[in-house]
Amino acid sequence: MAHVVQPLDQPSNYKDSQARVDRQKQNEMLDRSSTLYIGNLSFYTTEEQIYELFSKCASPDHGGGIKRIIMGLDRNTRTPCGFCFVEYYTHAEALACMRYISGTKLDERIVRCDLDLGYKEGRQFGRGKSGGQVRDEHRQDYDPGRGGWGAQAQKLEIERRREVEERYADTTGIVANGGGDWKETETISATNGKLKRGRSPADEGDGARMGQRARMDDDVDAERM
């Protein structure tokens, strides 16, 4: 059965794509590596949670233990982006971690553990165009633990919303600024209604006739008395 079942503590096909060493040299380094690359983490998993899980394979009584944990960060936002490095003091602890922890759940996600060539400054940042991991660039599924949709899908959605907002802004401007002629006419009419109309010659003639008739009525009343 040994030739049928693959040992759980053997390195996977994971390799650092930017490593400047040949495959043989990489294998030699992995044979004594005490550093693990941990993938498929949630963006919300904390360093404390990682330490609690991975310390179960540590052997502090035999000079081992976790040396440090390096959280993977988005290059632009400096927030966790789903991976980390765990450094042990011994190679045996790293192999034990691969045997007992890789493939188990952390924060409701199945994590992947691989032997790493060793952490170097700068590797804590994502290598994707958007700043995160490359695997999240073109991801088509919705993963709430990894920021929702993939970076490209989010970019397209942002552009679509911007176009909708621009069209809506144009339409709103037409409605809000429309009806100017009607408003101007209404204002003029309201203003004219408040102004006192000037007297015309016809108005003066009517007034004279009304005054003459009033005097005749007064003369009739005087005769009756």
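The figures here come from the full heavy-atom set of this structure, side chains too, leaving out hydrogens, waters and symmetry mates.
- Atoms CD and SG, on Q133 and C81 in that order, are 5.0 Å from each other to the nearest 0.5 Å.
- Remark: E28 CD is packed, more than 12 non-hydrogen atoms of other residues, nucleotides or ligands lying under 6.0 Å away.
- What you find for S33 and H91 is that their closest heavy atoms are O-ND1, 2.5 Å.
- In terms of heavy-atom proximity, T90 sits nearest to G64 at CG2-CA, 4.4 Å.
- M71 and I101 fall within a single hydrophobic cluster, where Ile, Leu, Val, Met, Phe, Trp and Tyr are joined by side-chain heavy atoms under 4.5 Å apart, directly or via other members.
- Donor-acceptor pairing under 3.5 Å is lacking for the side chains of N40 and R112.
- For R146, the salt bridge (Lys or Arg N to Asp or Glu O under 4.0 Å) criterion is met by D136, not counting sequence neighbours.
- Residues passing the salt bridge (Lys or Arg N to Asp or Glu O under 4.0 Å) test with R160, sequence neighbours excluded: E157.
- Residues F54 and I69 fail the side-chain proximity criterion, which asks for heavy atoms closer than 4.5 Å.
- Between L36 and Y88, some side-chain heavy-atom pair lies under the 4.5 Å cut-off.
- Heavy-atom minimum distance, S102 versus C113: OG-N, 3.1 Å.
- By the 4.5 Å heavy-atom criterion applied to side chains, L115 and L95 are counted as neighbours.
- A 4.5 Å side-chain heavy-atom check between D116 and R123 finds at least one atom pair inside the cut-off.
- Two residues are said to be in side-chain contact when any heavy atoms from C-beta on lie closer than 4.5 Å; C97 and V86 fail this criterion.
- Closest approach of Q26 to L117, counting heavy atoms only: O-CD2, 3.7 Å.
- A donor-acceptor pair shorter than 3.5 Å can be found between the side chains of S130 and E137.
- In the hydrophobic clustering of ILVMFWY residues, with side-chain heavy atoms under 4.5 Å counting as a link, V134 and I38 come out apart.
- Residues G65 and A58 come closest through the heavy atom pair CA-CB, 3.6 Å.
- Minimum interatomic distance between Y89 and G63 (heavy atoms only, all atoms of both residues): CB-O, 3.8 Å.
- The side-chain heavy atoms of C84 and L41, taken from C-beta on, include a pair separated by under 4.5 Å.
- A donor-acceptor pair under 3.5 Å links the side-chain atoms of R75 to the main chain of G128, judged by distance alone.
- F43 and W149 end up in different hydrophobic clusters when Ile, Leu, Val, Met, Phe, Trp and Tyr side chains are linked at under 4.5 Å.
- Side-chain contact between Q124 and Y119: present, with at least one pair of heavy atoms (C-beta onward) separated by less than 4.5 Å.
- You'll find the side chain of L53 stays beyond 4.5 Å of the side chain of Q49, heavy atoms only.
- Cluster annotation: Y51 is connected to L106 through the hydrophobic network of ILVMFWY side chains, with a link wherever side-chain heavy atoms come within less than 4.5 Å.
- Environment of CD in E108: sparse, with no more than 12 heavy atoms of neighbouring residues, nucleotides or ligands closer than 6.0 Å.
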Stepwise side-chain contact (heavy atoms from CB on, under 4.5 Å) check, E159 with L156
CA-CA 5 Å; E159 292 177 354; L156 292 175; 4.0 Å; yes

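- Remark: side-chain polar atoms of R109 are not paired, donor with acceptor, to backbone N or O of V111 under 3.5 angstrom.
- Ring geometry for F83 against Y37 counts as parallel: the plane angle stays under 30°, on a 0 to 90° scale with 60° as the upper cut.
- Separation of atoms CD (E52) and OG1 (T46) is listed at 9.0 Å; rounding is to 0.5 Å.
- To the nearest 0.5 Å, atom CZ of residue R23 and atom NZ of residue K25 are 15.0 Å apart.
- Ionic pairing of D143 and R135 is not present here: no N-O contact between side-chain nitrogen and carboxylate oxygen is shorter than 4.0 angstrom.
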